[in-house]
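Just below is one structure, and these are the notes that go with it.
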Amino acid sequence: MSAVSSILVVGAGQAAAVAVATLRDQGFDGRITVVGDEAHAPYERPPLSKAVLAAVEADEPGISVKEEDFFSARGIDLRLGTEVVSLDPASAQATLSDGSTVAYDRCLLATGGSARRLPGLSPDAPQVHYLRTLDEARRLRNALRQARSAVIIGAGFLGLEIASTARSMGVEVSVVETASRALGRVVPEAFSNWLQARVAASGATLYLGQSITDLQLPADGVRVSLSDGNVLQADLVVVAVGLVPSTALAQSAGLQLNAANGGIEVDALCRSSDARIYAAGDCTSQHHEGHGALRLESWQNANEQARIAACAMLGVDAPPAAFPWFWTDQFDCNIQMLGLPRAGLHYVLRGGIDPADASPKFIMLGLQGSVPRHALAVNAGGDLRALRPVLERGLSIDAAGFSDTSTTMKAYAKALLASAAG
């Protein structure tokens with residue numbers, strides 16, 4: 001640990017905050033500099049499309065990752081509204097947008113990503129919105145409060161969360177998606193069908209398998225022409241078509257990027273191709289057994305990689321990353337995912353999947369043979385927690401037993417674990 005006396009963290013989001021907290025908790029008392037281009041101290045992004053977007057301005061929920069005085073109290077130099085414009089691995093020095101330089105023994109890139117933009121839809125246009133930052137969420141919130149209608153491009157998690165929040169605000173919503181079903185890359189068809197029915201029941205309209213053939217931005221709103229001939233007119237448009245990892249700094253510094261997904265390639269300890277530079281969060285590409293190189297854009301992954309990178313920079317062993325987990329709240333449902341989807345899984349159901357059910361509760365379990373690899377839980381977080389050790393250990397299950405609701409999930413999982421223990 002004595003060989004490392006200064007650490008630079010580029011980016012001031014979730015991963016950055018968790019990393020510096022871990023460094024101090026591990027006893028590192030050297031210089032820590034955190035540089036972020038936003039004016040806000042690190043904050044949680046998941047609430048932006050939900051609680052923050054729906055809030056009355058005066059009652060906006062607090063989303064800071066750490067308490068207000070955390071950085072000053074822990075002796076961390078937090079520089080907001082500033083960018084690292086260049087990184088020189090040879091001299092281990094960064095140049096900032098204010099002209100200053102910062103030397104480092106170790107550097108963590110926690111640069112995240114930016115919302116993918118579509119041609120002809122500039123964020124500078126008053127009726128065009130993207131959602132990645134707190135300022136963008138506030139701008140969209142103000143616009144939705146004055147709008148009667150909105151077109152949302154993209155039926156991924158973010159697009160559907162925005163659609164759900166907009167409907168709760170009384171806004172008429174149309175969602176346009178080029179794929180044939182919602183969340184098609186990450187959930188089975190039966191789940192997509194259930195969710196699409198849920199979206200329709202909220203009063204939102206889904207246009208699936210549609211490309212945009214023409215888009216106009218008249219002064220009073222937007223006009224979107226679709227490949228099926230429909231023309232949608234609304235007060236505003238929200239683009240939610242994915243994230244572009246922020247890797248320009250890494251690329252200019254000569255770090256290895258993954259050719260397929262564009263992320264900064266890191267190993268299991270979050271080390272980049274330069275021995276002194278690490279990376280964590282949405283900007284990274286990491287190998288996952290059975291899946292190859294992936295860029296995982298999730299709150300949990302940012303936290304786990306930040307913790308592991310911080311320990312690795314100090315030469316301290318860290319517990320392995322937790323089993324992949326993701327959650328979303330939309331259309332009055334809490335949806336949680338455990339594990340990662342993969343081709344060829346056979347899904348079995350526990351509970352009812354009636355889209356008309358006002359309070360649905362079910363779990364869909366993706367099996368590879370008899371081994372569960374992926375779970376989707378709707379309003380069943382407690383059951384998923386009970387099932388988690390089964391997925392983590394890769395235990396075989398009996399599909400009929402899993403689906404039998406006469407036995408609680410806690411009892412079912414406990415019996416499986418006891419049997420495996422012999």
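Residue Glu67 qualifies as enclosed at atom CD: its count of foreign heavy atoms under 6.0 Å is above 12. No more than 12 heavy atoms of other residues, nucleotides or ligands sit less than 6.0 Å from atom NZ of Lys361.
Contacts of Ser122 classified as side-chain contact (heavy atoms from CB on, under 4.5 Å), with partners at least two apart in sequence or in another chain: Asp124. Every side-chain contact (heavy atoms from CB on, under 4.5 Å) that Thr33 has, sequence neighbours left out, goes to Leu8, Arg31, Val35, Asp77, Arg79, Val102. Scanning for side-chain hydrogen bond (donor to acceptor under 3.5 Å, both in side chains) contacts around Ser72 gives an empty result, with sequence neighbours left out. In this structure Tyr207 satisfies the ring pair (Phe, Tyr, Trp, His ring centres under 6.0 Å) test with no other residue, sequence neighbours excluded.
Looking only at atom types and distance, the side chain of Thr328 has a donor-acceptor partner in the side chain of Glu161 under 3.5 Å away. Using a 3.5 Å distance cut-off with no hydrogens or angles, the side chains of Asp329 and Asn334 do pair a donor with an acceptor. Residues Gln14 and Asn303 have side chains that bring a donor and an acceptor to within less than 3.5 angstrom of each other. For the residue pair Glu265 / Gln286, no side-chain donor-acceptor distance below 3.5 Å is found, with atom types taken as modelled. For the residue pair Arg342/His374, the side-chain donor-acceptor check at 3.5 Å is not satisfied. If you check the side chains of Thr22 and Asp25, you find no donor sitting under 3.5 Å from an acceptor. At a cut-off of 3.5 Å, with distance as the only test, a side-chain donor of Tyr43 or Glu38 sits close to an acceptor on the other residue. Counting only N and O atoms by type, the side chains of Thr284 and Gln305 include a donor and acceptor under 3.5 Å apart. In this model, no donor atom of one side chain and acceptor atom of the other lie less than 3.5 Å apart for Ser246 and Thr111. Side chain to side chain, Thr82 and Asp98 fail the donor-acceptor criterion of an N or O pair below 3.5 Å. Using modelled atom types, one finds no donor on one side chain facing an acceptor on the other under 3.5 Å when comparing Asp135 with Thr133.
In this structure, the side chains of Arg373 and Leu391 stay at 4.5 Å or more apart for every pair of heavy atoms. Looking at Leu294 and Leu340, their side chains come closer than 4.5 Å, going by heavy atoms from C-beta outward. In this structure the side chain of Arg167 never reaches within 4.5 angstrom of the side chain of Val171, judged on heavy atoms.
Under the 6.0 Å cut-off for aromatic ring centres, Phe157 and Phe326 qualify, their centroids lying closer than that.
Taking the six-membered ring for Trp and thresholds of 30 and 60 degrees, Trp194 and Phe362 have ring planes more than 60 degrees apart, a perpendicular arrangement.
Remark: the backbone N or O of Arg74 is paired with a side-chain donor or acceptor of Arg24 at under 3.5 angstrom.
The only member of Gln196, Glu177, Arg198, Gln330 that meets side-chain contact (heavy atoms from CB on, under 4.5 Å) when paired with Leu160 is Gln330.
We find the CZ-CZ distance between Arg116 and Arg132 to be 12.0 Å, quoted to the nearest 0.5 Å.
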Next on the checklist: Go through it in stages, so that I can follow the logic: the residues are Val238 and Ile153, the test is side chain to side chain contact (heavy atoms under 4.5 Å, CB included), and I'd like the CA-CA distance, side-chain angles, deciding distance and then a yes or no.
Outcome noted: CA-CA 6 Å; Val238 185; Ile153 302 175; over 6 Å; no
Using residues 318-325 as the side-chain source, report each donor-acceptor pair under 3.5 Å to any protein atom, sequence neighbours left out, with the distance given to one decimal.
| from | atom 1 | to | atom 2 | distance (Å) |
| --- | --- | --- | --- | --- |
| Trp325 | NE1 | Gln336 | OE1 | 2.9 |

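Every pair passing salt bridge (Lys or Arg N to Asp or Glu O under 4.0 Å) that includes a residue from residues 288-313 is listed here, sequence neighbours excluded: Arg295-Glu297, Glu304-Arg307.
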